[in-house]
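Below is one structure, written out as structure tokens; comments come after it.
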Amino acid sequence: MLVENLSIGRVVMHEVFQRKDGPNVVPPSYGKDLEILDAKALSHFGMRITDALSAQSKSIEMQIVKTNDASVVGTARRLVLATDTDFPSISNHMADALADAQKSRGIPGGMLLVFDGKVGGDGKPFLGVIKAEMQSGFQRRLAAAKVVTEFLENIFLTPATRLYKLALFISEDAAVTASTNWRCFVFDSNITAARRENAAVYFYDGFLGCAFPESGKYETAKFFDLTKEFVRTLVNERDLRRDLGDALFAFVKVDQAPTFTSQQFGDTYLPPELRDPFNKFLEAKKFPTNRAVVRDISEMGGRLRRRKYKFGPDIEFSASPDAIRNGTVTIEDVPAGDVSEGEAASWTRITVRRPVTEQL
């Protein structure tokens with residue numbers, strides 16, 4: 001999204017901490033007052049937000065799932081309407097919610113910035129949160145008529161780092177009421193266009209109460225990747241793995257039906273004993289198994305252009321899915337009885353029904 005005419009109003013900073021040994025939440029350190037930022041600081045703060053949410057491959061509009069008064073969007077609604085006196089204390093709920101969502105001891109702590117303002121040509125109110133991880137660095141400054149270098153710790157939101165996650169709840173009405181609808185935009189540097197699941201689940205789900213919207217581009221790519229993972233890790237027979245790999249390419253790329261379901265693939269290509277494990281595998285990965293998915297391969301890029309086969313650590317062969325499907329290339333496991341004495345008992349025959357056109 002392009003963030004236009006963004007102006008920042010009130011800002012409060014809290015600190016959340018990494019969990020120690022044991023499951024107990026480490027209480028946050030709450031900011032008790034509004035931050036006083038000069039014009040330069042506010043300008044740079046606004047630039048960080050605008051740059052992040054304008055990075056289309058790293059930011060996404062999410063579906064708000066949890067909407068009750070105790071949710072983050074419920075707290076956002078109260079904060080936008082709060083007085084300056086009450087804003088800091090109400091924002092404590094944001095710090096509590098983030099600390100509770102960071103259930104793994106591997107999630108680092110950091111500063112939580114809670115801020116409001118207006119955005120867009122019609123000045124719609126918004127409530128924003130940023131979780132910024134701490135870092136260290138050097139600063140050069142003039143002191144006593146000479147330049148000195150200082151080592152700084154606990155700095156955050158520098159332009160060279162992506163160690164932060166950002167969410168903006170934007171009101172759809174210029175005047176916020178209890179019935180106002182909200183939109184949520186999230187920035188996470190781990191997001192990629194086709195692999196949105198790389199985003200931190202604890203942040204967008206556990207903390208914000210949001211979920212990815214239904215998207216044919218994303219769900220088609222996710223089905224492809226998850227099915228490959230299932231075949232690679234849970235199908236033991238090599239011939240079946242290869243056949244299922246070929247079938248997956250054809251099912252995703254060649255089939256012209258506008259929608260598909262995971263059950264269609266399972267019923268058509270998987271042996272009966274693998275269908276139930278396949279369904280449970282997808283459900284565990286939070287892929288929808290009870291509805292159709294819009295088939296859209298427009299963002300899958302090179303993943304559908306070539307099939308790659310590996311023969312041990314030092315041999316690799318690739319061909320287009322069309323060449324495999326139409327028989328231009330065939331790959332066969334040769335039975336042990338077909339080899340002469342002294343040769344390997346297991347080997348592969350690759351037949352290319354075309355002359356060599358180029359040698360590299």
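All residue numbers in this chain count up from 1 along the given sequence.
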Mutual orientation of the aromatic rings belonging to Phe251 and Phe260 [parallel < 30°, tilted 30-60°, perpendicular > 60°]: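 Perpendicular, since the angle between the ring planes exceeds 60°.
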Verdict with supporting geometry, Asp246 and Arg242, salt bridge (charged side-chain N to carboxylate O under 4.0 Å, His left out): CA-CA 6 Å; Asp246 294 340; Arg242 184 180 301 152; over 6 Å; no
Assess, by modelled atom type and distance only, whether the side chains of [X] and [Y] contain a donor and an acceptor separated by less than 3.5 Å.
| X | Y | value |
| --- | --- | --- |
| Ser91 | His14 | yes |
| Asp296 | Ser298 | yes |
| Asp96 | Tyr30 | yes |

Salt bridge between [X] and [Y], side-chain N to carboxylate O under 4.0 Å?
| X | Y | value |
| --- | --- | --- |
| Arg183 | Glu61 | yes |
| Arg291 | Glu219 | yes |
| Arg78 | Asp69 | no |

Ring-ring centroid check Phe249 Phe224, cutoff 6.0 Å: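 Yes, ring centres under 6.0 Å apart.
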Any donor-acceptor N/O pair, Arg241 side chain to Arg232 backbone, under 3.5 Å: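 Looks like no, no N/O pair under 3.5 Å.
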Test side chain to side chain contact (heavy atoms under 4.5 Å, CB included) applied to Ala211 - qualifying residues, sequence neighbours left out: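 Here the qualifying residues are Val65.
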Write down the atom of [X], the atom of [Y], and the distance for their closest heavy-atom approach.
| X | Y | result |
| --- | --- | --- |
| Trp182 | Pro125 | CZ3-O, 4.4 Å |
| Lys131 | Gly109 | CE-O, 3.8 Å |
| Ile64 | Cys184 | CG1-CB, 3.8 Å |

Ile49 vs Phe115 side-chain heavy atoms within contact, under 4.5 Å: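 They are in contact (side-chain heavy atoms under 4.5 Å apart), so the answer is yes.
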Other residues, nucleotides, ligands: >12 heavy atoms within 6.0 Å of Gln263 CD: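 No, because the 6.0 Å sphere around CD of Gln263 holds 12 heavy atoms or fewer from other groups.
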Asp84 vs Arg10, salt bridge (charged side-chain N to carboxylate O under 4.0 Å, His left out): CA-CA, chis, key distance, verdict: CA-CA 8 Å; Asp84 289 356; Arg10 300 168 292 186; 3.1 Å; yes
Partners meeting side chain to side chain donor-acceptor pair (under 3.5 Å) with Ser71 (sequence neighbours left out):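 Per chain and number, Ser71 pairs via side chain to side chain donor-acceptor pair (under 3.5 Å) with no residue.
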